[in-house]
Amino acid sequence: MPNPKSKIQNPKSNARFLRACCGEPVDRTPVWLMRQAGRFLPEYRALREKYSMMEMLHAPELAVEATLQPVRRFEIDAAIIFADILPILTGMGLELNFVKGAGPVLANPIRRAADVTALRLVPPDESLPFVLEAIRLARRELEGKVPLIGFSGAPFTLASYAIEGGGSKNYTRVKALMYGEPDTWHLLMEKLTTAVGDYLAAQVEAGAQTLQLFDSWAGALSPSDYARFVLPYNRRVTERVRSTGVPFIYFSTGTSAMLPLTAQVGSDVVGVDWRIPLDEAWDAIGTDRGIQGNLDPALLATAPPSVVVAEARRILREAGGRPGHIFNLGHGVLPQTPLENVQALVEAMDLDC
Ligand code: CP3
């Protein structure tokens, strides 16, 4: 009997990952790696010798190639579209560059109310058509073998980049705006929430089968500031995504102390980092919800394969075979990660813990 509540769109596809997102039983724990379409793969680095990051992002065929590379090499259970969280800001009027050694830099960051008022809301098929085309092409190339994940940065993490202009240690400009000009803050978050919701919905229309919201910088906030300045907007993104019908993963880092709050975002699956045992995290979130995580990416990058396997087994034991566990790292895979460690991790999913 088909489960009427199931969100699986193509039951013939490899459905392990999608079933786990919906809390349904699986034959083994599904696994994929955040930032798997990237620099730990020699074939990705070879592409980047020929093309800049911007060229890669804007050419759907190149983005599809980067998307498929990890899926060809490892028996992982999902592909994630090669894209980045920041180009959505370009569509709104900010100028983005990837600077070698320094990461992404925004040339005209938001500093005053007028900058927020000037932000444009352009339909995603005009501002980010190359991502949508890459999704369409990737779905064709994947032939239903593994599901395709679409994603966006969360409003807070995008706001942080837009205000700081790049990476930040203490988020002092972000916090100055939040506390000093709350109306401007809320207007910025309103606009970003609309842009993110439109973008995610367009990705599903193009073929994304699951969506993940990256709130990588949420751990910079106190729980009460998260509840007041950020949570309502994430909840609105969830409401918007809910209408698309695909599973939704909310990921943040440094938020172990406020998991009951991140659970209130209302996603189907909550991503957790390695700073908390998985079973404790699951208790805090509520076992009616899926959980994604939570191996330390630095361990995967540095430990011998036997230690990787032992850690993977520990995490699987903590999950205790409950439905709704998706194995992943607690943050993105690091560029120096040995391929054999990833292979050992993926094979460890078959071990009976
Ligand atoms: O997960 C995947 O493999 C899909 C592709 C993906 C990229 N960026 C490609 C990328 C995803 C999901 C992202 C998300 C992203 N981008 C986040 C959230 C996840 C996280 O790690 O916290 C953030 C904060 C960004 C912003 C960003 N983009 C930074 C800080 C950098 C430079 C530093 C770094 O980690 O590389 C990028 C560049 C970027 N985005 C690269 C890739 C593969 C490296 C570019 C290169 O090849 O030099």
Side-chain angles (χ1 to χ4, degrees), residues 31-59 62-71 73-74 76 78-90 94 96-106 128 130-131 134-135 138 146 148-162 164-169 171 196 199-200 203 208 210-220 249-255 271-274 292-293 297-298 301 326 328-337 342:
V31 58
W32 69 283
L33 307 182
M34 289 183 280
R35 309 295 289 267
Q36 66 190 20
R39 285 163 305 179
F40 87 107
L41 291 175
E43 54 271 35
Y44 174 84
R45 293 197 297 268
L47 266 184
R48 283 281 283 105
E49 300 224 326
K50 285 200 245 160
Y51 306 102
S52 71
M53 183 66 182
M54 277 300 179
E55 284 171 327
M56 297 268 303
L57 289 170
H58 286 88
L62 296 176
V64 170
E65 177 55 24
T67 302
L68 297 177
Q69 284 175 343
V71 181
R73 196 183 263 273
F74 302 107
I76 42 181
I80 181 162
I81 194 69
F82 176 86
D84 196 76
I85 63 166
L86 297 174
I88 194 172
L89 296 175
T90 312
L94 299 186
L96 169 68
N97 291 300
F98 289 92
V99 181
K100 214 174 157 66
V105 175
L106 293 151
L128 297 152
F130 41 89
V131 179
I135 290 174
V146 290
L148 181 65
I149 303 170
F151 69 91
S152 170
F156 171 74
T157 293
L158 292 174
S160 301
Y161 268 104
E164 299 284 345
S168 175
K169 205 164 163 212
Y171 305 87
V196 166
Y199 182 38
L200 288 172
Q203 290 185 52
T210 296
L211 294 170
Q212 177 157 325
L213 195 65
F214 284 91
D215 214 352
S216 308
W217 289 7
I249 306 170
Y250 174 72
F251 166 77
S252 57
T253 61
T255 48
V272 293
D273 72 20
W274 63 96
Q292 178 170 277
I326 295 152
N328 206 314
L329 307 182
H331 203 167
V333 62
L334 296 172
Q336 66 270 39
T337 303
V342 175

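Ligands are counted one by one from 1 in listed order, and the atoms in each one are counted from 1 as well.
- What sits closest to atom 34 (C) of ligand 1 on the protein, heavy atoms only, is Arg39 NH2, 3.2 Å.
- Annotation: the span from Thr90 atom OG1 to Met54 atom CE amounts to 5.5 Å, rounded to 0.5 Å.
- Judged by distance alone, with hydrogens and angles left aside, the side-chain atoms of Asn97 form no donor-acceptor pair with the main-chain N or O of Val99 at under 3.5 Å.
- At a threshold of 4.5 Å between non-hydrogen side-chain atoms, the residues Pro87 and Leu96 count as touching.
- Counting the atoms of ligand 1 from 1 in the order shown, those under 4.0 Å from a heavy atom of Arg48 are 46 (C), 47 (O), 48 (O).
- Annotation: side chain of Leu57 is in contact with side chain of Phe98 (closest heavy-atom distance under 4.5 Å).
- Residue contact check: Phe98 has heavy atoms under 4.0 Å from atoms 28 (N), 37 (C), 38 (C) of ligand 1.
- The closest protein non-hydrogen atom to atom 1 (O) of ligand 1 is Arg35 N, 2.7 Å.
- Here the CD1 atom belonging to Ile249 is positioned 5.0 Å from the CD atom belonging to Gln212, to the nearest 0.5 angstrom.
- Atom numbering of ligand 1 starts at 1 in the shown order; those under 4.0 Å from a heavy atom of Gln36 are 1 (O), 2 (C), 3 (O).
- Of all protein heavy atoms, the one closest to atom 20 (C) of ligand 1 is His331 NE2, 3.2 Å.
- At the top of the distance list for atom 10 (C) of ligand 1, counting protein heavy atoms only, stands Met53 CE, 3.4 Å.
- Here Asp273 contributes atom CG and Thr255 contributes atom OG1; the two are 6.0 Å apart, rounded to the nearest 0.5 Å.
- Between Ile81 and ligand 1 there is a heavy-atom distance shorter than 4.0 Å.
- Between Phe82 and Tyr44, the ring-plane angle classifies as tilted under the 30° and 60° cut-offs.
- Checked options Asn328, Leu329, Leu33; the residue passing with Pro297 is Leu329 (criterion: side chain to side chain contact (heavy atoms under 4.5 Å, CB included)).
- Taking the side-chain contact (heavy atoms from CB on, under 4.5 Å) definition, one finds that Glu65 meets it with Leu47, Gln69, Arg72, sequence neighbours left out.
- Put simply, the side chain of Gln36 never gets that close to the backbone of Val333: no donor and acceptor are under 3.5 Å apart.
- Looking at ligand 1, you'll find an N or O of Ala37 within less than 3.5 Å of one of its N or O atoms.
- Numbered from 1 in the order shown, with element, the atoms of ligand 1 that lie under 4.0 Å from a heavy atom of Tyr44 read 43 (C), 45 (C), 46 (C), 47 (O).
- Rounding to the nearest 0.5 angstrom, the gap separating the CZ atom in Phe151 from the CG atom in Leu211 is 11.0 Å.
- Looking at ligand 1, you'll find an N or O of Asp84 within less than 3.5 Å of one of its N or O atoms.
- Residue contacts with ligand 1, taken as heavy atom pairs separated by less than 4.0 Å, involve Ala83 solely via the backbone atoms N, CA, C and O.
- Looking at atom 31 (C) of ligand 1, its nearest protein heavy atom turns out to be Pro104 CD, 3.6 Å.
- In terms of protein heavy-atom proximity, atom 11 (C) of ligand 1 is nearest to Phe151 CZ, 3.5 Å.
- Listed by atom number, the atoms of ligand 1 under 4.0 Å from Ser216 heavy atoms are 18 (C), 19 (C), 20 (C), 22 (O).
- Taking each of Trp217, Phe82, Tyr161 in turn, the one with a heavy atom nearest to atom 24 (C) of ligand 1 proves to be Tyr161.
- The protein heavy-atom contact nearest to atom 23 (C) of ligand 1 is Ile85 CD1, 3.4 Å.
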